[in-house]
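Below you'll find the structure, written out as structure tokens, and then a few comments.
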Amino acid sequence: YYPWGYDGDNGPDHWYKNYPIAKGRRQSPIEINNKDVHYDRSLLPWFASYDPGAAKTILNNGKTCRVVFDDSFDRSVLRGGPLPGVYRLRQLHFHWGSSDDHGSEHVVNGVRYAGELHLLHWNPKYSNYLDAVRRADGIAVLAIFLQVGKTPKPEMKRILEEINAIKTKGKEAPFTNFDPSILFPKSHDYWTYHGSFTTPPCEECITWIVLREPIIVSSDQMAKLRSLSKNAENEPVLPLVDNWRPTQPRYFRMVSASFL
Ligand SMILES: NS(=O)(=O)c1cccc(F)c1
Ligand SMILES: [Zn+2]
């Protein structure tokens with residue numbers, strides 16, 4: 001098992017040694033620049049129908065803060081947009097920086113946001129999640145930028161209140177009765193393209209749906225995320241920050257926009 005990470009010898013530039021697809025032609029994240037984007041008027045709006053009862057636990061896996069959901073049936077689903085059918089919500093997690101001026105994975109016209117929220121869904125036409133990650137249309141990730149501002153979104157509080165219970169790697173706490181769609185921005189405008197997991201094993205199985213409108217969080221809320229540690233309890237403290245992958249070559253991929 002190869003302990004990949006985000007810095008030094010196990011950082012993003014070394015992942016390809018154990019995960020060769022990290023140097024593939026469909027890697028994520030990418031830069032989204034207006035000059036490369038194609039407005040596709042046939043793109044449908046997307047819809048999330050989430051059951052708050054599907055939320056189960058929140059955990060610190062040493063790489064991010066993740067909330068997992070019951071995905072044993074079509075209980076919380078994403079559909080529409082570029083997707084051929086419904087995709088089941090499995091988990092959400094975050095990427096963030098060591099300061100407010102960076103931390104997102106996708107970069108829009110040169111703009112880096114303080115962080116990025118990913119809601120991961122898998123295609124139930126495949127028998128299970130692990131089968132879906134081996135398929136080009138297996139996974140759909142809804143990505144939402146976190147922008148630091150004065151009037152933070154109160155809905156973020158629920159997640160950040162739990163941070164104290166999962167300070168170190170391996171810590172997990174119950175996290176129930178939570179509908180993540182309360183975190184969504186007003187506009188559903190999005191970019192979409194075919195890419196990969198932004199962490200090892202970097203499989204190229206993701207239909208990315210990146211929302212144009214960021215959600216506003218406070219600097220204190222970002223500091224809360226940065227108070228997480230990537231070490232386990234009783235190990236030397238290593239702040240969990242800068243868990244983002246640099247942008248990858250777009251090659252010949254089209255980035256489509258749902259808006260003009
Ligand atoms: N950052 S991401 O590509 O959404 C991702 C990485 C690893 C696991 C996962 F389920 C999702
Ligand atoms: Zn992610």
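The analysis underlying the following values was restricted to heavy atoms, covering all of them including side chains, and did not include hydrogens, waters or symmetry mates. Just so you know, ligand 1 is whichever comes first in the structure, and atom 1 is the first atom listed for that ligand.
Taken from CG in N34 to CG in N109, the straight-line distance is 4.0 Å, to the nearest 0.5 Å.
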Pick out the protein N or O atoms lying less than 3.5 Å from any N or O of ligand 1, and list each pair with its distance.
unit_1: ligand 1; atom_1: 1 (N); unit_2: H93; atom_2: NE2; d: 3.2
unit_1: ligand 1; atom_1: 1 (N); unit_2: H95; atom_2: NE2; d: 3.2
unit_1: ligand 1; atom_1: 1 (N); unit_2: H118; atom_2: ND1; d: 3.4
unit_1: ligand 1; atom_1: 1 (N); unit_2: T198; atom_2: OG1; d: 2.8
unit_1: ligand 1; atom_1: 3 (O); unit_2: T198; atom_2: N; d: 2.9
unit_1: ligand 1; atom_1: 4 (O); unit_2: H93; atom_2: NE2; d: 3.4
unit_1: ligand 1; atom_1: 4 (O); unit_2: H118; atom_2: ND1; d: 3.4

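Between F175 and F178, the ring center distance clears the sub-6.0 Å criterion. Remark: aromatic rings of F94 and W244 are distant, center separation not under 6.0 Å.
For the Zn ion (ligand 2), the set of protein N/O/S atoms nearer than 2.8 Å consists of H93 NE2, H95 NE2, H118 ND1, ordered by chain and number.
Without hydrogens or angle criteria, S229 side chain to N231 main chain gives no donor-acceptor distance under 3.5 Å. Although no hydrogens or angles enter the test, the distance criterion places no donor-acceptor pair under 3.5 Å between the side chain of W15 and the main chain of I21.
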Next on the checklist: Could you walk me through whether H106 and E116 satisfy the side-chain hydrogen bond (donor to acceptor under 3.5 Å, both in side chains) test, starting with their C-alpha distance in whole Å, then the side-chain angles of each, then the deciding distance to 0.1 Å, before giving a yes or no?
Outcome noted: CA-CA 8 Å; H106 291 87; E116 192 167 325; 2.8 Å; yes
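Classification of the Y50-H121 ring pair by plane angle, with boundaries at 30° and 60°, yields parallel.
By the salt bridge (Lys or Arg N to Asp or Glu O under 4.0 Å) test, E155 pairs with no residue at all, sequence neighbours left out.
Grouping Ile, Leu, Val, Met, Phe, Trp and Tyr residues whose side-chain heavy atoms lie under 4.5 Å apart, directly or via other members, leaves Y126 alone, with no other cluster members.
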